[in-house]
Amino acid sequence: MTQRGTLSVAVVGTGRMGADHVRRINEVTAGARVAAVVDVDGERAKSVAAGVEGCTAYTEPAAAMADADVDAVLIASPGPAHEAALLAAFEHDLPVLCEKPLTPDAASALRILEAEQKLGHRRVQVGFMRRYDAEYVKLKALLDSGQLGRPLMLHNRHRNAASPPGFTDAMLINDSVVHEMDVTRWLLGQEITAVTVLRPTPTRNAPEGLSDPQFVVFETDGGALVDVEIYVNCGFGYQVQAEAVCEYGTARIGDGHAMVTHMAGRWGGTVAQDYVERFAQAYDHEVQAWVDATRRGEVTGPSVWDGYAAAAVCEAGVSAQSEGRRTEVELIDRPALYA
């Protein structure tokens with residue numbers, strides 16, 4: 001397939017994530033440039049655009065997408081704004097990389113899924129960046145090879161040094177455990193069918209009103225059991241680990257032993273302090289893969305179905321969390337477009 005020239009991208013949202021994507025496209029990604037930035041804060045959009053040659057600032061996503069110079073869209077605005085931006089992109093049949101969540105709830109995600117089906121082809125890659133992390137990619141390849149046999153259990157640990165102000169119990173599921181929901185589905189090739197949330201006595205480091213840590217259990221349609229320790233006030237850093245327990249062996253990632261030092265009578269390494277540091281290369285690879293596929297006229301990576309499925313599992317998780325009971329996940333039948 002013929003590869004088009006440099007991809008001109010409109011970045012919607014210029015907060016921490018959006019601004020980092022502008023930097024990434026300008027400085028790291030091959031074959032793309034930032035042609036436009038969008039933010040409801042016009043001054044912030046102008047400030048970001050001023051640092052990029054040939055970049056135009058907008059306050060409305062639809063206006064940027066109508067720009068003849070825009071070939072594709074990267075959505076990094078807050079989740080509640082995603083649906084309108086995605087529908088605007090569909091009107092222009094533009095390829096999209098949409099940061100998670102696809103949308104904040106299953107009903108709106110289903111509307112996006114139905115709208116994309118009407119186009120008759122995929123247009124959206126959802127930003128579940130762990131699928132592009134080198135360690136997760138190796139684990140996926142090993143599981144797919146069959147060397148370890150059928151996966152029986154998957155253990156996950158997801159820890160943050162401290163939660164940001166205003167972080168809630170529901171955000172533990174929607175903003176944090178959602179990543180484990182996606183990698184579970186991806187690694188195992190199975191859908192999550194039910195969620196249970198258990199709560200130990202909270203740490204004294206948790207802010208008032210936040211029950212932290214929590215222990216989340218998934219059941220899958222392939223008969224696997226998956227657990228997630230979510231602990232967002234562990235105090236020492238950002239840590240993501242996963243261990244697959246299979247019929248003929250186990251495989252674990254996330255130990256962070258890339259470099260161990262011995263000095264001054266001690267040995268040890270370092271722990272990343274946030275997700276931007278831990279998954280920097282994954283974000284780089286994710287955006288590059290999107291640009292490469294788009295220039296080939298293809299759409300790859302996590303789909304709208306994956307975004308919808310994650311939203312549905314999140315809803316079951318929040319219900320299980322608030323009601324203290326096992327909650328089944330409600331999913332429509334998977335459309336042929338996403339087979």
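This structure is a prediction, so every number in the text was calculated from the model and none was measured.
- Within a 6.0 Å radius of CD in Glu219, more than 12 heavy atoms belonging to other residues, nucleotides or ligands are found.
- Remark: side-chain polar atoms of Asp39 are paired, donor with acceptor, to backbone N or O of Thr14 under 3.5 angstrom.
- Heavy atoms only, all atoms of each residue included: Thr294 and Ala72 are closest at CG2-CB, 4.5 Å.
- Using a 4.5 Å heavy-atom cutoff, the side chains of Val37 and Cys55 are in contact.
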Open item on the list: For a side chain to side chain contact (heavy atoms under 4.5 Å, CB included) check, start with the C-alpha distance between Gln190 and Val226, then their side-chain angles and the critical distance, and finish with the verdict.
Closed with: CA-CA 11 Å; Gln190 302 172 19; Val226 180; over 6 Å; no
Task: salt bridge (charged side-chain N to carboxylate O under 4.0 Å, His left out) evaluation trace for Arg185 with Glu191 - done: CA-CA 6 Å; Arg185 297 179 56 258; Glu191 294 292 357; 2.8 Å; yes
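- Linking Ile, Leu, Val, Met, Phe, Trp and Tyr whenever their side-chain heavy atoms come within less than 4.5 Å puts Tyr283 and Tyr136 in one cluster.
- Using modelled atom types, one finds no donor on one side chain facing an acceptor on the other under 3.5 Å when comparing Asn156 with His179.
- No chain of hydrophobic side-chain contacts below 4.5 Å, direct or via other Ile, Leu, Val, Met, Phe, Trp or Tyr residues, connects Ile25 to Val70.
- Closest approach of Leu113 and Pro335 over heavy atoms only: CD2-CG, 3.8 Å.
- Atom CD of residue Gln125 and atom CZ of residue Arg123 lie 12.5 Å apart, to the nearest 0.5 angstrom.
- For the pair Glu83 (side chain) and Ile112 (backbone), a donor-acceptor distance under 3.5 Å is absent.
- Using a 4.5 Å heavy-atom cutoff, the side chains of Arg131 and Asp306 are in contact.
- Contact detail for Ile230 and Ser176: the closest heavy-atom pair is CD1-CB, 3.6 Å.
- Of all non-hydrogen atoms in Pro151 and Leu188, the two that sit nearest each other are CB-CD2, 3.6 Å.
- The 12-atom threshold is not exceeded at CD of Glu53, counting heavy atoms of other residues, nucleotides or ligands nearer than 6.0 Å.
- Following chains of ILVMFWY side-chain contacts shorter than 4.5 Å, one can reach Leu337 starting from Trp305, so the two form part of one hydrophobic cluster.
- Between the CE atom in Met129 and the CG atom in Asp284 there is a gap of 12.0 Å [rounded to 0.5 Å].
- Open room surrounds CD on Glu330; 12 or fewer heavy atoms of other groups in view lie less than 6.0 Å from it.
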TODO: Give the intermediate values and the outcome of side chain to side chain contact (heavy atoms under 4.5 Å, CB included) for residues Asp212 and Phe167.
DONE: CA-CA 11 Å; Asp212 181 43; Phe167 207 76; over 6 Å; no
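- A donor-acceptor contact shorter than 3.5 Å links the side chain of Asp71 to the backbone of Ser8.
- Tyr338 and Phe128 fall within a single hydrophobic cluster, where Ile, Leu, Val, Met, Phe, Trp and Tyr are joined by side-chain heavy atoms under 4.5 Å apart, directly or via other members.
- The distance from the CG atom of Leu74 to the CG atom of Leu97 is 4.5 Å, given to the nearest 0.5 Å.
- Two residues are said to be in side-chain contact when any heavy atoms from C-beta on lie closer than 4.5 Å; His155 and Glu229 fail this criterion.
- Between Val177 and His158, every side-chain heavy-atom pair lies at or beyond the 4.5 Å cut-off.
- A donor-acceptor pair shorter than 3.5 Å cannot be found between the side chains of Asp221 and Thr193.
- Distance alone, capped at 3.5 Å, is enough to place a donor-acceptor pair between the Tyr308 side chain and the Ile332 backbone.
- Rounded to the nearest 0.5 Å, atoms CG (Asn205) and CG (Leu210) are 11.5 Å apart.
- When atom types are taken as modelled, the side chain of Asn233 and the backbone of Ser163 share a donor-acceptor pair closer than 3.5 angstrom.
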- [ ] Show the numbers, then the answer: is there a salt bridge (charged side-chain N to carboxylate O under 4.0 Å, His left out) between Glu243 and Arg157?
- [x] CA-CA 9 Å; Glu243 182 180 29; Arg157 288 178 290 279; 5.5 Å; no
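- Minimum interatomic distance between Met171 and Gly166 (heavy atoms only, all atoms of both residues): SD-O, 3.7 Å.
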TODO: Just do the salt bridge (charged side-chain N to carboxylate O under 4.0 Å, His left out) check on Arg33 and Asp69 with the steps written out, would you?
DONE: CA-CA 11 Å; Arg33 60 178 284 266; Asp69 194 32; 3.1 Å; yes
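- Panel note: side chain Glu315, backbone Ala106; a donor-acceptor pair is recorded below 3.5 Å.
- Considering only heavy atoms from C-beta on, Phe279 stays 4.5 Å or farther from Glu286 through its side chain.
- If you run salt bridge (Lys or Arg N to Asp or Glu O under 4.0 Å) between Glu135 and each of Arg278, Arg252, Lys140, only Arg278 comes through.
- Side chain of Ser322 to main chain of Ser319: a donor-acceptor pair is present (N/O by atom type, distance under 3.5 Å, no hydrogens or angles).
- When hydrophobic clusters are built by joining Ile, Leu, Val, Met, Phe, Trp and Tyr residues whose side-chain heavy atoms come closer than 4.5 Å, directly or via intermediates, Tyr132 is not grouped with Val178.
- Panel note: side chain Ser77, backbone Gly13; no donor-acceptor pair is recorded below 3.5 Å.
- The distance from atom CG of Leu86 to atom CD1 of Ile75, rounded to the nearest 0.5 Å, is 4.0 Å.
- Listed for the His82 side chain is a donor-acceptor partner under 3.5 Å among the backbone atoms of Leu102.
- Contact of the Asp169 side chain with the Gln214 side chain is registered, since non-hydrogen atoms from C-beta on lie closer than 4.5 Å.
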TODO: Test salt bridge (charged side-chain N to carboxylate O under 4.0 Å, His left out) on Arg24 and Asp20 and set out the steps.
DONE: CA-CA 6 Å; Arg24 178 171 292 107; Asp20 194 46; 2.9 Å; yes
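- Glu114 CD: more than 12 foreign heavy atoms inside a 6.0 Å radius.
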- [ ] Step by step, work out the side chain to side chain contact (heavy atoms under 4.5 Å, CB included) result for Tyr231 and Gln239.
- [x] CA-CA 10 Å; Tyr231 187 10; Gln239 190 175 60; over 6 Å; no
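- When all heavy atoms of Ala244 and Leu143 are compared, the closest pair comes out as CB-CD2, 3.9 Å.
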- [ ] In sequence, state the C-alpha distance, the side-chain angles, and the governing distance for Leu152 and Glu247, and then conclude on side chain to side chain contact (heavy atoms under 4.5 Å, CB included).
- [x] CA-CA 7 Å; Leu152 307 173; Glu247 292 173 305; 4.1 Å; yes
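- Put simply, the side chain of Arg122 gets close to the backbone of Thr300: a donor and an acceptor are under 3.5 Å apart.
- Shown here is Tyr248, whose OH atom has no more than 12 heavy atoms of other residues, nucleotides or ligands within 6.0 Å.
- In this structure, the separation between CG on Asp93 and CG on Leu119 is 5.5 Å, given to the nearest 0.5 Å.
- In this structure Glu180 satisfies the salt bridge (charged side-chain N to carboxylate O under 4.0 Å, His left out) test together with Arg130, sequence neighbours excluded.
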